[in-house]
Protein chains: 2
Amino acid sequence: MASKHSHALPRAAKELLDDALARHGLRGTRHRDLIFGSLLARRDHPTAEEVFVRVKAMAPTISLATVYNCLETLVQCGLVRAVNHERDATRYCPNLSEHAHFHDRRTGRIYDVDLPEDVVERLKELLPKGYEADSLELNFHGRSAMEKGRAEKATAST
Amino acid sequence: MASKHSHALPRAAKELLDDALARHGLRGTRHRDLIFGSLLARRDHPTAEEVFVRVKAMAPTISLATVYNCLETLVQCGLVRAVNHERDATRYCPNLSEHAHFHDRRTGRIYDVDLPEDVVERLKELLPKGYEADSLELNFHGRSAMEKGRAEKATAST
DNA sequence: AACAGTAATTAGAATTATTCCAATTACAAG
DNA sequence: CTTGTAATTGGAATAATTCTAATTACTGTT
Ligand SMILES: [Mn+2]
Ligand SMILES: [Mn+2]
Ligand SMILES: [Zn+2]
Ligand SMILES: [Zn+2]
C-alpha cells in the first residue's frame, strides 16, 4: 500500500511553494503542501471537489472549505491557474508556462496547449489603440483523437 | 415618450430571427423578438437579469425564466453568443462575426475585438496532431483608455 | 513551559446564477 | 371549436462557491 509520502512534494516544488507563500506573508501548511502536490501529481485540471477527494486520502479530516481556501491561496500566489469553461465548476492547473486549453467536447477533458510568447504578442496587436491587455485566455473546443491509450495532456511543462 | 415600437426589430434582423427559428422548428414569438431586439439595440453584453429589466419596459409581465429560455433559444439558433468570464453571470452578444472579447478590469465592461479568419487558422495550428478544434474563444483582460466619452465597443459589426 | 497574537481550518449557513417543474396559456392546423 | 404542441410562468430545486463564527494551530515572546 502507498506510503504516507507517496505524494510528497519534490524538493524543487516545495521550495517554489514555500517561497511564494513567504513572499505573500502566508504560512506553509500541510494542507497547502498536499493540495499543491496533488495538482502537480496529476495534471488533469481537477475541480475543487476532485482535489477534495484526492487529498482526503492523505488528510482524511480536511474540509472542502479548506480546499477552496488553499486553491484560492495558490492562485493568489501565482502558482496555480483557475480554468473556467462556460458555467462549469472551476478547474485548477499548476502549469506555469504560458499556455492555452483544449476542451474535449466528447470526454470533458482539458489539455494544455503551449502558447509561444510571440503568438501572444501577435494577438495583443489585434487590440485597437487604447486597449492594453495584461493577460489573455485562449480556449479551443473540439475533439481529440484519443486512441486506446489516452494521454493526459497535449504537452508537458511546468 | 417612447412608442411601443421604439425597439422594434429592423426588418433584416426580424427575417434573420424568424428564419433561424423556423430552421429549428421553433415559433416566432413576441418575447423572442423583444429579447433579440434588445440585444441588438444595445450591444453591451448584458446579463440575463439586465435583459430582463430592459425588456420589462415593453413586456412588463415577462418572467425571468422566459428571458433565460429565450436567450438559450437564441444561442441554440446561432443568433447570439453566450460570453463567460470567470464565474460571473453569463453575458449575451449578438455579434455574429468572428470576434474576441476584451474585459476591462476597471469597469467590468466587455468590448468586441475583431478576429480575422487567418488569425483563427493560425491559432488552430498550435494544436498538436490529433486535436481538432471546431471553435475557439479568446479573451483579453486589461484596461481600456476610456476618455470622457466612453464607446460601447471596440469595433462595430454584426 | 505558559501566553499572546495572528493565521488557518472547520462545519454549516448563506448566496447566486441558473435550471427544473408542474400548471397555465397561446397558437396552429384540421 | 377541438386538439395537440409549444411557450410561458412562478416558485422550488440545484450546484458551486463564499461567508460566518467559532475552534485550532503556529510563532514568537515572557
Ligand atoms: Mn517518505
Ligand atoms: Mn410602430
Ligand atoms: Zn492548464
Ligand atoms: Zn461580443
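Just so you know, these numbers come straight off a predicted model, no measurement behind them. Chain naming here is simple, since letters A, B, ... match the order of the sequence lines and numbering starts at 1 in each. All heavy atoms count here, side chains included; hydrogens, waters and symmetry mates do not.
Leu40(A) and Val53(A) fall into different hydrophobic clusters, where Ile, Leu, Val, Met, Phe, Trp and Tyr residues are linked whenever their side-chain heavy atoms come under 4.5 Å apart, directly or through other members.
Here Thr47(B) lies out of heavy-atom contact (under 4.0 Å) with every strand. Within the nucleic acid shown, Thr90(B) comes within 4.0 Å of sugar-phosphate atoms alone, with no base atom in reach, counting heavy atoms only.
Side-chain N/O atoms of Thr29(B) include one lying less than 4.0 angstrom from OP1 or OP2 on dT8(D). In terms of phosphate contacts, Arg32(B) brings a side-chain nitrogen or oxygen within less than 4.0 Å of OP1 or OP2 of dA7(D). Close to dT8(D), at under 4.0 Å from its OP1 or OP2, lies a side-chain N or O of His31(B).
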Base contacts versus sugar-phosphate-only contacts with protein, heavy atoms under 4.0 Å: please encode nucleotides 23-28 of chain C as B, S and - from 5' to 3'.
----B-
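Distance, Gln76(A) CD to dA8(C) C1': 16 Å, rounded to whole Å. Protein atom CG of Asp88(B) is 15 Å distant from nucleotide atom C1' of dT15(C), rounded to whole Å. Rounded to an integer number of Å, the gap from CZ of Arg30(A) to C1' of dC26(D) is 15 Å. Following rounding to the nearest Å, Asn84(A) (CG) and dA15(D) (C1') show an atom-to-atom distance of 15 Å. Distance Asp33(A) CG to dC26(D) C1': 15 Å, rounded to the nearest Å. Look at CD on Glu86(B): it is 17 Å from P on dT16(C), rounded to the nearest Å. Per the geometry, CZ belonging to Phe52(B) stands 14 Å off P belonging to dT8(D), to the nearest Å. Here dT18(C) presents its P atom at 10 Å from CZ of Arg91(B), a figure rounded to the nearest Å.
Among residues two or more places apart in sequence or in another chain, the ring pair (Phe, Tyr, Trp, His ring centres under 6.0 Å) test is passed with His31(A) by none. For His24(B), there are no ring pair (Phe, Tyr, Trp, His ring centres under 6.0 Å) partners, not counting sequence neighbours.
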Could you pull out all donor-acceptor pairs under 3.5 Å where a side-chain atom in residues 66-77 of chain B meets a protein atom, sequence neighbours excluded?
from, atom 1, to, atom 2, distance (Å)
Thr66(B), OG1, Ser63(B), OG, 3.0
Asn69(B), ND2, Ala65(B), O, 3.3
Thr73(B), OG1, Asn69(B), O, 2.9

Which is it for Arg32(A) and Thr29(A) under the side-chain contact (heavy atoms from CB on, under 4.5 Å) test, yes or no, and what are the steps along the way?
CA-CA 5 Å; Arg32(A) 286 168 181 169; Thr29(A) 72; 3.4 Å; yes
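Identified under the salt bridge (charged side-chain N to carboxylate O under 4.0 Å, His left out) test for residues 120-137 of chain A, with sequence neighbours left out: Asp118(A)-Arg122(A), Asp134(A)-Arg105(B).
Asp44(B) has a carboxylate O that lies under 4.0 Å from a charged side-chain N of Arg54(B), or vice versa, which qualifies the two as a salt bridge.
In this structure, CG in Leu39(A) is found 10.0 Å from CG in Leu79(A), a value given to the nearest 0.5 Å.
Side chains of His99(A) and Asp112(A): a donor-acceptor N/O pair is present below 3.5 angstrom, by distance only.
Applying a 4.0 Å cut-off to non-hydrogen atoms, the residues of residues 62-74 of chain B that approach DNA chain D are Ile62(B), Ser63(B), Ala65(B), Thr66(B), Asn69(B), Cys70(B), listed by residue number.
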